[in-house]
K.L.:
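Shown below is the structure under consideration.
Here is the naming used below: chain letters follow the sequence lines, and residue numbers restart at 1 for every chain. The structure displayed is predicted, hence computed values, not measured ones.
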Amino acid sequence: MNVVRHWFTQQRGYTPFDFQQQTWDAQLAGASGLVHAPTGMGKTFAVGLGPMMRWCDAHPDRQSWAALKSPPLTMLWITPLRALASDTANSLREPIEDVGLPWTLELRTGDVSSSIKARQKKRLPSVLVTTPESLSLLLSYADAKAKFAHVQSVVVDEWHELMSTKRGTQTELGLARLRRWNPAMQTWGLSATMGNLEQARDVLLGRAKAKSGVLIRGESQKAVRIETIVPDDLERFPWAGHLGLKLLPQVLDELDKVGSALLFTNTRSQAELWFAAIVKHRPNWIGEVALHHGSLDRKLRQKVEDLLREGKLRCVVCTSSLDLGVDFSPVDRVFQVGSPKGVARLMQRAGRSGHQPGAVSRVLGVPTHAFELIEFAAARVGIEGKRVESRRPLDRPIDVLVQHLVTVAAGGGFDEHALYEEVKATYAFRDLSAEQWQWAMDFVTRGGKALYAYPHYRRVAPPNGDGQYHVSSQQIAKQHRMGIGTITSDAAMIVKLARGRSLGTVEESFIARLKPGDRFLFAGQPLELIKTQNMTAYVRRATRLSGNVPRWQGGKSPLSTQLADAVRAKFDDALAERFTDDEMRAVRPLLELQRQWSRLPAADELLIESATSREGHHLFAYPFQGRLVHEGLGALLAYRLSQQAPRSITATVNDYGLELMCPEPIAMDEKAWRDVLSTDRLVEDLLACLNATELARRQFREIARVAGLIFTGYPGQSKSTRQLQASSELFYDVFAEFDADNLLLDQARREVLEEQLEVRRLKQALERIEAMRLVRVTLEQLSPLAFPLWAEHLRENHVTSEHWSDRVRAMAVALEKVADDG
DNA sequence: GACCTGCTGCGGCCTG
């Protein structure tokens, strides 16, 4: 028996799971593929031991191992997270050391010491655990080929997370490079649950291997159970709102019962508030409850992760910052506060509990308003029906290609034709046309049409006798390396204790509203602002809490299509009087009101409600397509209506529908509605109304950085957002004027349409609506579906001098009264 | 004193 397998079964005493066995067999047979494996089931060993077994088979004489010293880089492991890199290294080190393989193993991420980096500049270890960015960096050194020529297998961990991002594309390009140097190289990916695993495998393997690729599905789906805290009294439960502290007592009761828990929230400020609330009500838990989100200082987060790993925490309140990484033992209870947003997302979070094979993963939903009860019920249906979201791979992000061209030019140079073929072998650039390639080449060699006068943008020099393109100068190579990567983020303000450590970062706009002496809640503690200086807010601990919580302007993830459809189906259930779960029974009175005051929309109808309030005239429509689509749709409808007659219309959206508000009444018959809901000229109208130029301009900022047009400054002295903005705008304007066909501009527009507006989904929504009946209802009072939109509208537009909450409360009371009378 | 929506992730230089 192979010594590695022997180690696994005899020394460690493990019985391989089926998927581990299958993976090793496939790896020994020389195949590539993707493994779908639940967390905590030994996925590192599943893909990590095969290459070791292979090497042992090729070197059967153990006596000779010592003489081999450290073999060249044989196995490369790519992870999206630095924290995962060290966990993985620890797992892989075990068999290497126990078996006595002569392999060396090292990490290569941005935070390894400079001495290790210096050593790796000379020679790489036998096993290297790294990130997509660090791989790219290594590929940018002139001797890259010699260093990577012996790589026999590459493993990409958490591929589902990388695949649909530019980091994934960068990984694809790096893998294509390695495959060219060693065509027999095996590629293996690890992925959590997603809807398009086959495609994920194909993207990972690229053109050459896609046909022979294997897909191994791990353990039969682990059971996931979704439970929900159902409010005792729905009448007093909010119809809108997002904090959900209403259910705090029930959550505390649950926390009392368990030893350890993770409480996921959807936003950072929500996490801060929940953390503060828990500590306030359970003061004796101080030290056992922790907070974890992306704006906290890395050191604070690291500490929480360590304590979590050691099993010393009773509860961690977190955002998706704990979705991945941190190899801790499963917790007893997982909470999801607020909308689950997606089926896969809820499954992944549930998976943080009940790790043992056969154990059930459970998640307890904590709705923050009444309709979220339906979302949890819908997510359960989604999981049972295995209707899990897909992740869509990117199509030809030119900025990533441009960056890669300079990387490769610095990394030993390239032959143009060969590199074109290599790039086209990736899934992302499989349809790259000769013209597009030419454009990219021209852009890096001459600066394109617009920048040819600036030598600085001639980053790649044409062949000089050897047929190879090379980077123009070492200075350019150096600067390029500083900009490698595809993650861009704006500068944030550091929050620092006056005498002491940094607590994390908040947005400048938040601090700008405060004066010295004002208090706010951050990093789980009350703070008082002392002064601001150099993008740093100096604070001291305050004794009393303030309700002021930083708000970050983050992504606005919409309800996924799968979950939105499932929610829609739950309305059908209600229509058919099928109230089969606790959540639906709990919201029944609310749905009953919706039916009485308006209508429960059936699957084949689009409900349009109109109402009059002292703000003006409102139209509400409910396509159930998630907020991004509704944003596009709202803007489109407002635009088209104002084209018909001059009037000012504001649109407000949420995940279920949209509201159009106008000071004057908008009289529309069926035909008028059909016209404004038409798919004709959809993209043109969207571009016209969304001030697409402005959106594209903003999007271009990121593209310009990835493409290497903007130097963001040396580490530690990064340029301000304003500076970066100014230079990217300059490029935008120059391109728009002198190089209108610039592919980077085109990409900016594409990204706005596809990612920010989800045009594809919007178009599908409109097509569906075409086949639907339009049902129009005039409301006497706001319906339960309309109420959250109305409240959102007030919040966004500050339309009333009365305080927002007073107004909302007053309306809620009025509605309650009507409900009671009815 | 109450009210509050919006995620995550990486990398780099200089000197002797």
K.L.:
Is it true that the side chains of A/H480 and A/T407 contain a donor and an acceptor less than 3.5 Å apart?
P.N.:
yes

K.L.:
Rounded to whole angstrom units, what separation is found between the CZ atom of A/R513 and the P atom of B/dC3?
P.N.:
18 Å

K.L.:
Roughly how far, to the nearest 0.5 Å, is CD of A/E161 from CZ of A/R391?
P.N.:
4.5 Å

K.L.:
For A/Y656, which residues count as a ring-ring contact (aromatic ring centres under 6.0 Å, His included) partner, sequence neighbours excluded?
P.N.:
A/F371, A/F624

K.L.:
A/R481 has an atom CZ; how far is it from atom P of B/dC13, in whole Å?
P.N.:
8 Å

K.L.:
Using nucleotides 7-10 of chain B, report all nitrogen or oxygen pairs with the protein that are shorter than 3.5 Å.
P.N.:
unit_1	atom_1	unit_2	atom_2	d
B/dC7	OP1	A/R268	N	3.3
B/dC7	OP1	A/R268	NE	3.1
B/dC7	OP2	A/R268	NH2	2.3
B/dC7	OP2	A/G554	N	2.9
B/dC7	O3'	A/T319	OG1	3.4
B/dC7	O2	A/S320	OG	3.1
B/dT8	OP1	A/G294	N	2.7
B/dT8	OP1	A/T319	OG1	2.4
B/dT8	OP2	A/R268	NE	3.2
B/dT8	OP2	A/R268	NH1	3.3
B/dG9	OP1	A/R301	NH2	2.5
B/dG9	OP2	A/R301	NH1	3.4
B/dC10	OP1	A/R82	N	3.1
B/dC10	OP2	A/R82	NH2	3.4
B/dC10	O3'	A/T131	OG1	3.4

K.L.:
Between C1' on B/dG11 and CD on A/Q479, what's the gap in Å once rounded to a whole number?
P.N.:
15 Å

K.L.:
Under 4.0 Å, heavy atoms only, any strand: does A/K166 hit a base, just the sugar-phosphate, or nothing?
P.N.:
nothing

K.L.:
A/L137 near the nucleic acid: base, sugar-phosphate alone, or nothing, with a heavy-atom cut-off under 4.0 Å?
P.N.:
sugar-phosphate

K.L.:
A/L162 has an atom CG; how far is it from atom P of B/dG11, in whole Å?
P.N.:
12 Å

K.L.:
Which atoms of nucleotides 14-16 of chain B (N or O only) lie under 3.5 Å from a protein N or O atom, and what are those distances?
P.N.:
unit_1	atom_1	unit_2	atom_2	d
B/dC14	OP1	A/K478	NZ	2.9

K.L.:
Tell me: CD1 of A/I710 to P of B/dG11, nearest whole Å?
P.N.:
21 Å

K.L.:
Output the rounded distance in Å from CZ (A/F510) to P (B/dC4).
P.N.:
15 Å

K.L.:
Residues in side-chain hydrogen bond (donor to acceptor under 3.5 Å, both in side chains) with A/D143, at least two apart?
P.N.:
A/K147

K.L.:
Who passes ring-ring contact (aromatic ring centres under 6.0 Å, His included) against A/Y141, sequence neighbours left out?
P.N.:
none

K.L.:
My understanding is that only residues two or more places apart in sequence, or in another chain, count here; which of them pass salt bridge (Lys or Arg N to Asp or Glu O under 4.0 Å) with A/R119?
P.N.:
A/E106

K.L.:
May I have the distance from A/Y141 (atom OH) to B/dG11 (atom P), rounded to whole angstrom?
P.N.:
12 Å

K.L.:
Excluding sequence neighbours, so at least two apart, what forms ring-ring contact (aromatic ring centres under 6.0 Å, His included) with A/H292?
P.N.:
none

K.L.:
Residues two or more places apart in sequence or in another chain: which of them pass salt bridge (Lys or Arg N to Asp or Glu O under 4.0 Å) with A/R108?
P.N.:
none

K.L.:
In whole angstrom, give the distance that lies between atom CG of A/N654 and atom P of B/dG6.
P.N.:
16 Å

K.L.:
Residues two or more places apart in sequence or in another chain: which of them pass ring-ring contact (aromatic ring centres under 6.0 Å, His included) with A/F237?
P.N.:
none

